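In what follows, a structure is listed as structure tokens, so that the remarks can point back to it.
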Amino acid sequence: MNIDTSLSAALAARRTNSKTSDLRRTVLVTGGAGFLGSQLCDRHVALGDEVICVDNLETGRLQNIAHLLDRPNFRFVRHDVVDAFDVDEPIHLIYNLACPASPEKYQIDPIRTFKTSVYGAMNLLELARQKEAQILQASTSEIYGDPLVSPQPESYWGNVNSFGPRSCYDEGKRAAETLFHDFRERHGVRTRIARIFNTYGPRMDPRDGRVVSNFVTQALRGDDITIYGDGQQTRSFCYVDDLLDGLMALMASPADIRTPVNIGNPGEFTMRELADIVLRKTRSVSRMVFKPLPKDDPRQRRPDIRLARELLDWSPKIALNDGLDPTIAYFAAELRSNGVRVAAGA
Ligand code: NAD
Ligand code: UDP
């Protein structure tokens, strides 16, 4: 199994083992054992790149990368991005995805979440500078906070509370964007910033706490569907395959892209509508129950993706109605493998 405890050891091993390493790109993915990161690792491994997955397994799971551990061009390094990297090997591309993404998870230790965003960005940018690597930041629609305009273009500065339960994530990601801006301006680091809107699909952790994983697992179990507030708040859901196409197109573009780029699906749904679709698809007997709306929960979210269309010729292809089918199948398999009885019809 290709598991190392230090990044330097991982890279030294790669240098020894791979005679063709000079011909290949080395791609470092932080947060590579998470939902999105592990699928990004899959794609770069399949392309023949040398992939180094860096993760502290805070919200990620080894099972997401278990199938990659014996691949010669994949290596897992357990490391916390809050701590600096000391590497003397070439690295060509860096995707910085390390950060808990679910509000339930990132609020467990908000100071740590802030450090992960800010110190993590700083450490990865220093590494990119040293290596002359191109670096992509997984930013977020949370940059827009509780937006007062809809859809949200990249030029909108947002409506963010700096002093609330979501601030550790929102302001941490905003500060990371600032660092990306300044490392580009001051040090010429080749940066890319993707503002990711709610993304769902296989490999989400069933206990992650986000709305798609909650509603689908509740429906499959026959438990109550927990709607926060009146369920009239909206989100735009992007299927993971579309999102990864967008991230990789942004990384690969030969254009000098200096601004953040929204990557998301403009289809907008209320949480009540999402619950209805999930209940219909799973043919579940669950009923909806209404719980208090968490503080500062944004009322609406919808990406303006004109920039991604123009610069990357990218737009999402998979509608929520279609993306939910493989997602439900995945969660049903996850629950069954954990001994949970799944409601008939799923
Ligand atoms: P995830 O929680 O599944 O993955 C995050 C990964 O980062 C996990 O594997 C976790 O263990 C790792 N991690 C967390 N803190 C770390 C640290 N200090 N050092 C090293 N590793 C650390 O979440 P995801 O949905 O895959 O999100 C990936 C990235 O995309 C995150 O940066 C998130 O903010 C961003 N993003 C995701 C969405 C979405 O809807 N999925 C939306 C906007 C932005
Ligand atoms: N939500 C809900 N029930 C749940 C989980 C979430 O109604 O069990 C709502 C939440 O209040 C928010 C929306 O669903 O309005 C999306 O929440 P999520 O945690 O997925 O991500 P967010 O976009 O808020 O970061």
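In this text the structure is predicted, and so the values were computed from the model without any measurement. Heads up: numbering here begins at 1 and tracks the sequence. As the structure lists them, so they are numbered: ligands from 1, and atoms in each ligand from 1.
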CA sep, side-chain torsions, deciding dist, call: Tyr95, His44, ring pair (Phe, Tyr, Trp, His ring centres under 6.0 Å): CA-CA 11 Å; Tyr95 291 91; His44 278 285; 5.3 Å; yes

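- Ligand 1 has no N or O atom lying under 3.5 Å from any N or O atom of Thr140, backbone or side chain.
- Contact annotation: for Arg112 versus ligand 1, heavy atoms closer than 4.0 Å belong to the side chain alone.
- Nearest-residue assignment for atom 18 (N) of ligand 1 (options Asp55, Asp80, Leu97; heavy-atom criterion): Asp80.
- Nearest to atom 44 (C) of ligand 1 by heavy-atom distance, out of Pro100, Ser117, Ala33, Ser139, is Ser139.
- The nearest non-hydrogen atom to atom 5 (C) of ligand 1, considering only Ala101, Gly34, Cys99, comes from Cys99.
- Scanning all protein heavy atoms for the shortest distance to atom 23 (O) of ligand 2 gives Arg235 NE, 2.7 Å.
- An N or O contact shorter than 3.5 Å is missing between Ala98 and ligand 1 by distance.
- The heavy atom nearest to atom 43 (C) of ligand 1, considering only Val54, Ile196, Asp205, is found in Ile196.
- When hydrogens are left out, the protein atom nearest atom 5 (C) of ligand 2 is Tyr228 CE1, 3.3 Å; that is the closest non-hydrogen contact.
- Taking 4.0 Å as the cut-off, Arg166 counts as a neighbour of ligand 2 on heavy-atom distance.
- Between Arg112 and Glu58 a salt bridge is recorded (basic side-chain N to carboxylate O distance below 4.0 Å).
- Considering Arg210, Lys115, Met204 only, the shortest heavy-atom separation from atom 24 (P) of ligand 1 involves Arg210.
- Put simply, the side chain of Trp314 gets close to the backbone of Asp242: a donor and an acceptor are under 3.5 Å apart.
- Between Asp208 and ligand 1, no N or O atom pair is found at a separation short of 3.5 Å.
- Listed by atom number, the atoms of ligand 1 under 4.0 Å from Asn198 heavy atoms are 40 (O).
- Using modelled atom types, one side-chain atom of Ser236 and one backbone atom of Gly267 make a donor-acceptor pair closer than 3.5 Å.
- Of the heavy atoms in Tyr200, none comes closer than 4.0 Å to ligand 1.
- At the top of the distance list for atom 3 (N) of ligand 2, counting protein heavy atoms only, stands Thr226 O, 2.6 Å.
- The only member of Glu142, Glu154, Glu177 that meets salt bridge (Lys or Arg N to Asp or Glu O under 4.0 Å) when paired with Arg195 is Glu177.
- Considering CG of Leu179 and CE of Met122, their distance stands at 5.0 Å, rounded to 0.5 Å.
- Counting atoms of ligand 1 from 1 in the listed order, those under 4.0 Å from a heavy atom of Leu57 are 11 (O).
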